[in-house]
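First comes the structure, then the notes that go with it.
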Amino acid sequence: MSSIETQKKSITSNLTSQILIAMVLGAILGVIIHNTISDEAALSFSSKVKILATVFIRLVQMIIAPLVFTTLVVGIAKLGNVSAVGRIGGKALGWFFTASLISLLLGMFFVNVLEPGVGLNLSNVDLTSGSEVLAKTQSISFENFIEHIVPKSIFEALATNEILQIVVFSIFFGLAAASIGDYVKPVVTALDKMSHIILKMVNYVMNFAPIGVFGAIAGVFAVRDFQELAITYFKFFGSFLIGISSLWVVLILVGYIFLKSRMTVLLKRIVSPLIIAFGTTSSEAVFPKLTEELERFGVKDKIVSFMLPLGYSFNLDGSMMYMTFASIFIAQAYGIDLDLGTQMTMLLVLMLTSKGIAGVPRASLVVVAATCGMFDIPIEGIALILPIDHFCDMFRSATNVLGNALATSVVGQWEENNEIDIVSLD
């Protein structure tokens, strides 16, 4: 191992340790604040300390749009032709939809077997607390989803960090660049150099990760009575953890099937992104860092730059599992019996409406609320899961990161084997 690689490994290890320490310190401070000052003062403290997390996430969001555009365009241009893009894109979408289906089915299986919503007492639940999420459900429909895929303006998409729209524009731009050939090489080279500058910025931004995680954790624990939450939502949260743990087992086993012993190396590589996603409840927050780690793992940059942006729109495994789990949980809480046919229809609806949601906090709740409305389940039922949603979001965000890292690594290996086969034939 070179001295540079050793140094990078040491930096990554130090960052991981710092983030873990920040999580513990944030939780301790939050609990102390919650138990020693008034609720109003704790709420004020929470809103102020969360600014640390907000600033960190905004720093990451600042570089996501240019990173997605530059790396995806360069990746497609390097692939060289439409057939290569179609081949890799077909493998990617096949993986994404298979993984999504498995995640949805796991969520449906565990919520039906464990029945966390059956017999729930609704008397103490403030059903108005989900009004912010309810307001966003008006724009969730199949028609709006289709319209939302295509950007009206690339500048608007870049300004609002609409990853899926940026991906669509970048694919067209990259394909056009690849078809023109040598004439546009200076443009592709410039974008390639720009992507390296942005990746260097990632290293600077990641230095703020422990501070952001500290703020996020301290803010939550300052206003949440963890003991009360644990008792009231033990069945829901416990059932969810069983489901999400099973999904991790499935993903890791699939990883060992395709990557063999290299899966262990991959897991070591993505420890830091997993912890950041867990602490900030945002898989989007680790997009740049995950790009860097997957390239260090050995996946070619053109595959990483093509797969990850697609994955962040189409392959949110943790969110998918949670959405079926939460939707059916709300139905159970209201005593609504959903037969298998209805649940399978709900699963297909979630498969479509969830594609393209950003990997940011609370995005899953909007889709859950919209889906409940389609199946005559009281939408205000999302208030049942709001108090515990942040803790669930920590696990599903980390799961999203694992799923995308695995998908990118496996497709990268398939392409590597494909190139070897082509060389052998020649």
Side-chain angles (χ1 to χ4, degrees), residues 100-134 136-137 140 224-226 228-248 250 316-354 357 361-396 399:
S100 294
L101 182 61
I102 291 171
S103 301
L104 288 166
L105 287 171
L106 274 175
M108 189 175 78
F109 172 78
F110 281 105
V111 77
N112 278 289
V113 171
L114 301 174
E115 298 184 327
V118 175
L120 187 68
N121 181 13
L122 304 180
S123 60
N124 296 322
V125 177
D126 179 11
L127 295 179
T128 64
S129 60
S131 56
E132 181 183 344
V133 176
L134 294 177
K136 298 178 183 178
T137 62
I140 301 293
R224 296 279 189 237
D225 188 330
F226 190 73
E228 181 183 342
L229 285 172
I231 295 172
T232 306
Y233 290 94
F234 175 78
K235 194 174 180 183
F236 172 79
F237 192 52
S239 300
F240 169 72
L241 287 183
I242 292 173
I244 206 77
S245 299
S246 301
L247 180 55
W248 272 66
V250 170
L316 302 174
D317 298 333
S319 297
M320 299 296 284
M321 183 265 167
Y322 179 79
M323 284 186 283
T324 44
F325 190 92
S327 300
I328 299 173
F329 165 79
I330 293 171
Q332 290 176 351
Y334 281 94
I336 298 172
D337 184 31
L338 300 175
D339 58 42
L340 181 60
T342 303
Q343 290 190 31
M344 291 303 295
T345 305
M346 180 185 287
L347 184 147
L348 293 175
V349 168
L350 284 168
M351 175 78 81
L352 292 173
T353 57
S354 63
I357 65 172
R362 297 291 170 92
S364 299
L365 280 180
V366 177
V367 178
V368 169
T371 303
C372 287
M374 293 179 196
F375 290 87
D376 297 323
I377 301 168
I379 302 178
E380 59 271 18
I382 59 168
L384 299 172
I385 56 179
L386 275 176
I388 201 73
D389 181 70
H390 181 92
F391 300 100
C392 295
D393 206 359
M394 296 170 81
F395 288 92
R396 64 180 185 252
T399 307

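Computed over heavy atoms, backbone and side chain alike; hydrogens, waters and symmetry mates excluded.
Aromatic ring pairs are classed by plane angle as parallel below 30°, tilted from 30° to 60° and perpendicular above 60°; the pair Phe329 and Phe236 is tilted.
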Exercise. Start with the C-alpha gap between Met344 and Leu340, add the side-chain angles, then the distance that decides, and say whether side chain to side chain contact (heavy atoms under 4.5 Å, CB included) holds.
Key: CA-CA 6 Å; Met344 291 303 295; Leu340 181 60; 4.2 Å; yes
Quiz prompt | side chain to side chain contact (heavy atoms under 4.5 Å, CB included) between Val111 and Thr324, worked out | solution = CA-CA 8 Å; Val111 77; Thr324 44; over 6 Å; no
Quiz prompt | Full working for side chain to side chain contact (heavy atoms under 4.5 Å, CB included) between Met108 and Leu350 | solution = CA-CA 12 Å; Met108 189 175 78; Leu350 284 168; over 6 Å; no
Practice problem: Decide side chain to side chain contact (heavy atoms under 4.5 Å, CB included) for Trp248 and Phe395; before the verdict, give the C-alpha distance in whole Å, the side-chain angles of both, and the deciding distance to 0.1 Å. | Solution: CA-CA 10 Å; Trp248 272 66; Phe395 288 92; over 6 Å; no
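For the pair Cys372 and Ile330, the tightest heavy-atom approach, listed with the atom from each and the gap, is SG-CD1, 4.1 Å. Heavy-atom minimum distance, Leu105 versus Leu347: CD2-CD1, 3.6 Å. Between Asp317 and Ser100 the shortest heavy-atom distance is OD1-N, 4.2 Å. The two atoms that bring Leu106 and Val250 nearest to each other are CD1-CG2, 4.3 Å, heavy atoms only. Nearest heavy-atom pair, Val368 versus Ser327, reported as atom, atom and distance to 0.1 Å: CG1-OG, 3.7 Å. Shortest non-hydrogen contact noted between Gly107 and Phe325 is O-CD1, 3.8 Å.
If you take CZ on Phe391 and CZ on Phe240, they are separated by 12.5 Å, rounding to the nearest 0.5 Å. For the atom pair CE of Met323 and CG of Leu104, the computed distance is 6.5 Å after rounding to the nearest 0.5 Å. Going from atom CG of Asn112 over to atom CD of Gln332 covers 6.5 Å, rounded to the nearest 0.5 Å. Rounding to the nearest 0.5 Å gives a distance of 11.0 Å between CE of Met321 and OG of Ser319. In this structure, Ser103 OG and Ile244 CD1 are separated by 7.5 Å, a value rounded to the nearest 0.5 Å. Interatomic distance, CD of Gln343 versus CD1 of Ile328, reported as 4.0 Å (0.5 Å rounding).
Looking only at side-chain heavy atoms (C-beta outward), Met346 and Ile377 come within less than 4.5 Å of each other.
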